Each structure stands twice: as C-alpha cells, then as structure tokens.
Amino acid sequence: IGALLFLGGLWWIWRSRNPFYYGVYAGSSIGGGIYEWIYDSRYYFRLTADDKFIAAWTMDGVEAPLAMILFYAFFFGIPLLLLVERHEALVRRFGPRGLYAMLALLGIVGTPLFECLNTSVTHIYRYHQAEEHLFYGMPYSNMWFGAMMFIFPYWGLVQSRRLLGFPQTAAHELSPELRRIAIALGFASIITGFFVASTVNGVWYAWAEPWVESPRPF
C-alpha cells in the first residue's frame, strides 16, 4: 500500500512539472525517513516495528522500515501541497487564524486515526512508553506533535512560494537557476518545519521521560 501511494504521489508530482513540488516531495520522503529514524530512538518515541517490514537500512541490528519513508512522502507531501496551492482561497474563507486552526485539527485528528490503527489494531509497530502516556497505543503527545508537523512546514512553504513569486509566476516560466532554487526551497521548508516541530516536542520528552524498557540498543 505504501509503495502504491508513494508512486501515485510521485506520478502526480512529475506531471505537475513544478520544481517546487519536486523539492517538497523529496523533503517529505528523504527528510521524513531520516527524521523517523531519529524519532524512533530510545530518547524520543522508543518505537520498534514488526520485522516483516522491508528494511530501508539496518544499524546495530535495528531496521528502518522502508514503508515509513513512503508514508511520510505521501501523507505529508501531498496534503501540504494541495493546501498550499489553495492558500489564498483558504485565507479568504477561514482567515489566517482559522486556517492554521484547521491545520492543527488535521494533525490532531489525522494522527491518531493513522497511528492507533497501526498500534492497537494491526500491531505493526509499538511505542515502548508507560500506559498513562498512551492513547490506544499511541503517545498522546503525538496529537499536538502531528499538528506541529503540519503547521510549521506549511508556514515555510507559504513563505517560499512568495519568495518565488507564486502564484503570479507559472512554474514553467522559471529560469533554470530559479528552478534549482525552487527545488531547494521546497526541500528546505519541509526539513526545517520537521526540525522545529521535533525540537519543540522534544521538550515534552525531556520533561516527561515516559519510557519503559525496550529492546532497542539506541
């Protein structure tokens, strides 16, 4: 399923011929995969996945599931792009505060819909955290973390589009140099947004220390 979603998103991105989209999708997949590897460590999520996953890489006996990279690419990259492309209309409809409240709600509701299915129904991965910190197998802190994972990248993408002159300038009208800059800005907006969200959420982990024993060596 993850591969089909990823390829479907990749096909849509390629057909857009928009270099900004290329950077966003690359940031969501490559960046998301690397960040997920960091998040799963003993001092953040403390997560272990089913050994039936196809591994993207293995370190010290711990496998990084390829599916996580594919899911990050599709579930963050595509919704963010669809929303950003309609930013002006959404601001007119909901106002700036209403729009960001909608993004927060998307993260707060969407994250448990996806995660609780994986932790409490299919059991394809597990968070090694104390029960009082879990909501149907998912850390309840992931609700506000999911909100930040939409809000911060979204804000960065909106600012990057303005720098590039979108939507006044069509993507096919960009010079080769601006096309490269568009790719870099799309990529950097996602990576930076993920970094800010994980740093803010890391304060919670430093304070709560919600972990229990885990087979992870790191």
Side-chain angles (χ1 to χ4, degrees), residues 1-3 5-6 28-29 31-80 100-154 190-191 193-218:
I1 294 175
L5 290 173
F6 175 80
S28 298
S29 55
I34 296 296
Y35 275 125
E36 178 66 27
W37 179 249
I38 297 170
Y39 297 153
D40 292 348
S41 71
R42 290 177 59 86
Y43 295 103
Y44 212 94
F45 286 158
R46 195 170 284 199
L47 181 145
T48 54
D50 193 302
D51 58 10
K52 294 184 180 64
F53 277 114
I54 297 173
W57 63 80
T58 302
M59 293 184 186
D60 200 11
V62 180
E63 296 181 346
L66 176 62
M68 292 299 185
I69 301 174
L70 304 180
F71 280 130
Y72 261 90
F74 185 85
F75 285 109
F76 284 98
I78 300 302
L80 282 170
Y100 281 96
M102 184 180 70
L103 289 173
L105 185 63
L106 181 64
I108 291 169
V109 174
T111 302
L113 285 176
F114 176 77
E115 291 233 77
C116 294
L117 172 67
N118 295 333
T119 54
S120 296
V121 180
T122 62
H123 304 286
I124 58 176
Y125 55 78
R126 177 188 174 192
Y127 289 94
H128 297 269
Q129 299 187 23
E131 285 298 323
E132 60 266 27
H133 293 288
L134 299 177
F135 175 78
Y136 291 98
M138 178 201 80
Y140 63 74
S141 60
N142 275 14
M143 294 183 191
W144 65 68
F145 181 55
M148 292 190 293
M149 289 286 281
F150 274 101
I151 289 172
F152 291 134
Y154 183 87
I190 294 290
I191 295 295
F194 285 174
F195 175 78
V196 174
S198 59
T199 301
V200 173
N201 197 53
V203 175
W204 155 255
Y205 277 105
W207 175 74
E209 297 188 4
W211 309 290
V212 295
E213 284 304 309
S214 163
R216 291 187 65 98
F218 57 88

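If you're wondering where the values come from, they're calculated on a predicted model, not measured in any experiment. Basis for what follows: all heavy atoms, side chains included, without hydrogens, waters or symmetry-related copies. The residues of the chain are indexed from 1 along the displayed sequence.
- If you look at W37 and F218, their ring centroids are closer than 6.0 Å.
- By the neighbour-count criterion of 12 heavy atoms within 6.0 Å, atom CG of L117 is densely surrounded, having more than that number from other residues, nucleotides or ligands.
- The nearest pair of heavy atoms linking S214 to R42 is O-NH1, 3.4 Å.
- Residues P153 and M148 approach most closely at CD-O, 3.6 Å, considering heavy atoms.
- Using a 4.5 Å cut-off on side-chain heavy atoms (C-beta onward), S29 and F74 make no contact.
- For the atom pair CE (M143) and CG (L105), the distance works out to 12.0 Å, reported to the nearest 0.5 Å.
- Counting heavy atoms from C-beta outward, F53 and I124 have side chains that approach closer than 4.5 Å.
- Between F45 and the choices Y39, W211, Y125, the side-chain contact (heavy atoms from CB on, under 4.5 Å) rule is met once, by Y39.
- When side chains are defined from C-beta on, L134 counts as touching P139, because their heavy atoms get closer than 4.5 Å.
- Closest heavy-atom contact between H123 and V121: CD2-O, 3.2 Å.
- Summarising the geometry of V62 relative to P217, their closest heavy-atom pair is CG2-CD, 3.4 Å, with the distance given to 0.1 Å.
- Residues passing the ring-ring contact (aromatic ring centres under 6.0 Å, His included) test with Y100 are Y154, sequence neighbours excluded.
- Counting non-hydrogen atoms of other residues, nucleotides and ligands closer than 6.0 Å to CH2 of W207 gives a total of 12 or fewer.
- Minimum heavy-atom separation, G33 to I69: CA-CG1, 3.5 Å.
- From I34, atom CD1 reaches atom CE of M68 across 14.5 Å, with rounding to the nearest 0.5 Å.
- Taking 4.5 Å as the limit, some side-chain heavy atom of Y205 sits within range of a side-chain heavy atom of Q129.
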Checklist entry - Can you check side chain to side chain contact (heavy atoms under 4.5 Å, CB included) on T48 and R216, steps first, answer last? => result CA-CA 7 Å; T48 54; R216 291 187 65 98; 3.5 Å; yes

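- A donor-acceptor distance shorter than 3.5 angstrom exists from the side chain of S198 to the backbone of F195, with no hydrogens or angles considered.
- The aromatic rings of Y72 and F194 stand perpendicular to each other, their planes meeting at an angle above 60°, with 30° marking the opposite boundary.
- Two residues are said to be in side-chain contact when any heavy atoms from C-beta on lie closer than 4.5 Å; H128 and P215 meet this criterion.
- Of all the heavy atoms in A104 and A147, the pair that sits closest is O-CB, 3.6 Å.
- For the atom pair CD (E63) and CD1 (I54), the distance works out to 10.5 Å, reported to the nearest 0.5 Å.
- Distance check, rounded to the nearest 0.5 Å: CD1 of I151 to CE of M102 gives 10.5 Å.
- Annotation: F76 is in aromatic contact with F150 [ring centroid separation under 6.0 Å].
- Here the CD1-OG distance, from I191 to S28, works out to 8.0 Å after rounding to the nearest 0.5 Å.
- Identified under the side chain to side chain donor-acceptor pair (under 3.5 Å) test for residues 130-147, with sequence neighbours left out: E115-N142, Y127-N142, S141-W204, W144-N201.
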Next on the checklist: Walk me through whether L5 and F75 qualify under side chain to side chain contact (heavy atoms under 4.5 Å, CB included).
Outcome noted: CA-CA 9 Å; L5 290 173; F75 285 109; 3.8 Å; yes

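- Annotation: the span from L80 atom CG to L106 atom CG amounts to 8.5 Å, rounded to 0.5 Å.
- Less than 6.0 angstrom separates the ring centroid of F114 from the ring centroid of F71.
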